[in-house]
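Whatever order the structure lists ligands and atoms in, that order sets their numbers, starting from 1. Just so you know, these numbers come straight off a predicted model, no measurement behind them.
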Amino acid sequence: MIDLHCHSTRSDGSEPPARVVELAAAAGCEAVALTDHDTTSGNGEAGGRARELGVGFVPGCEVSCRFSPGTLHLLCYFVDEGGGPLPDLLARLRGDRETRNERLVARLNELGFPISLELVEAAAGGGEIGRPHFARVLAETGAVASYQDAFDSLLGKGGPAYIPKAFVDPSDAIAAATASGALTVLAHPFSLGLEPAGLEAAVAELAAAGLTGLECLYGRYSPEDRAGLLGVARRHGLVATGGSDYHGSFKPDLSVGTGTGDLDVPVSALDELRARLA
Ligand code: AMP
Ligand code: FE
Ligand code: FE
Ligand code: ZN
């Protein structure tokens, strides 16, 4: 078993990069990828721990792309094996995030919530700050009923405190990753918010733009949905990959390796990715 989708404290996970790898080893994973949002900063620490534990490691990241009606997340793998435009793209996205966080604090203050950037920074523990950290502060200070309530009533798409992030076009992100020697995989494909025919067309377009894989075996998808996605991947010549989308205590129902309990991504998925890299 392997897990190709995990977050750490370097973005919106609750556990440090080394701990994520330790959890992967304990779960019996032969390999694990770290895929923090907009940053590759945890890959050194995670890769080091993976070597110590004898676990395979794939340095990665996850990039949010411009898309409607839903959201499009692109997983990038083998990101440390070259410089090129991907690090520049990630730096730009992180810069935009900082501006957005300041605007988010101002908006929440306007709405009467006594939140500060310092509080959110403390919640993020030095990693990239995102809405989950705002949600945690709002819940912990009793400003909202719960972490989820913060999204439902304020931070979620269309909510009074929703401030969109900077987005990159999917084809530009694929091109940047490819030019940097990385591979791209479409994460949790149903988040595109499309009906089967629309999803099929979107995947065809992404494949034409250079996409390598489809995250068919996703922690939260049913066996039927995973099987359907395997068909989509096959029809478009994409590698069928998978992962838990582990976020630690932010998504407590998801574990490294096993997802909600039944996830079992085969090592062959990583072998196929490596073959495409060559
Ligand atoms: P950001 O990158 O700052 O926009 O935050 C995105 C993260 O917020 C996602 O990875 C989810 O973990 C979380 N998130 C976004 N929308 C929701 C929602 N409606 N309910 C719960 N969590 C959400
Ligand atoms: Fe996340
Ligand atoms: Fe995602
Ligand atoms: Zn993710």
Chemist: Checking side-chain polar atoms at under 3.5 Å, does D12 have a donor or acceptor matched by the opposite partner on H133?
Modeler: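 Side-chain D/A pair, D12 to H133: absent.
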
Chemist: Please tell me whether D36 and S8 have a donor and an acceptor in their side chains that are separated by less than 3.5 angstrom.
Modeler: yes

Chemist: With a cut-off of 2.8 Å, does H5 place any N/O/S atom under that distance from the Zn ion (ligand 4)?
Modeler: yes

Chemist: Members other than F113 in its cluster, when Ile, Leu, Val, Met, Phe, Trp, Tyr link by side-chain heavy atoms under 4.5 Å?
Modeler: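 Once heavy-atom contacts under 4.5 Å are chained together, F113 belongs with L104, V105, L108, L111, I115, L117, L119, V120, I129, F134, V137, L138, V144, Y147, F151, L154, L155, I163, F250.
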
Chemist: Please indicate whether E205 has more than 12 foreign heavy atoms, meaning atoms of other residues, nucleotides or ligands, lying under 6.0 Å from its CD.
Modeler: no

Chemist: With carbon and hydrogen excluded and only N/O/S kept, which atom of D245 is nearest the Zn ion (ligand 4)?
Modeler: OD1

Chemist: As a quick check of understanding, evaluate side chain to side chain contact (heavy atoms under 4.5 Å, CB included) for E110 and R107, giving each step before the final call.
Modeler: CA-CA 5 Å; E110 276 166 31; R107 174 75 60 85; 4.2 Å; yes

Chemist: Are E200 and R235 ion-paired here, with the side-chain N under 4.0 Å from a carboxylate O?
Modeler: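 Result for this pair is yes, salt bridge flagged.
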
Chemist: If we only count heavy atoms from C-beta on, is the V63 to L90 side-chain gap below 4.5 Å?
Modeler: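 Yes. Closest side-chain heavy atoms under 4.5 Å.
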
Chemist: Which is it for L230 and R226 under the side chain to side chain contact (heavy atoms under 4.5 Å, CB included) test, yes or no, and what are the steps along the way?
Modeler: CA-CA 6 Å; L230 289 172; R226 293 176 193 169; 5.6 Å; no

Chemist: For a distance under 2.8 Å, tell me if H188 has an N/O/S atom near the Zn ion (ligand 4).
Modeler: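 Within the cut-off used here (under 2.8 Å), H188 places no N, O or S atom near the Zn ion (ligand 4).
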
Chemist: Considering only heavy atoms, which protein residues lie less than 4.0 Å from any atom of ligand 1?
Modeler: D12, H37, R97, R100, G130, R131, P132, Q148, F151, K165, K251

Chemist: Under the criterion side chain to side chain contact (heavy atoms under 4.5 Å, CB included), I'd like the reasoning laid out for L273 against V58: C-alpha separation, chi angles, the key distance, then a yes or no.
Modeler: CA-CA 11 Å; L273 281 181; V58 181; over 6 Å; no

Chemist: Just jot down the ring pair (Phe, Tyr, Trp, His ring centres under 6.0 Å) partners of Y218, sequence neighbours excluded, or say none.
Modeler: H188, Y221

Chemist: Show all protein N/O/S atoms under 2.8 Å from the Fe ion (ligand 3), or state that there are none.
Modeler: E62 OE2, H73 ND1, H188 NE2

Chemist: In E62, what N, O or S atom is nearest to the Zn ion (ligand 4), if we give its atom name?
Modeler: OE1

Chemist: Taking it one step at a time, do L192 and L186 satisfy side chain to side chain contact (heavy atoms under 4.5 Å, CB included)?
Modeler: CA-CA 10 Å; L192 264 47; L186 178 64; 4.0 Å; yes

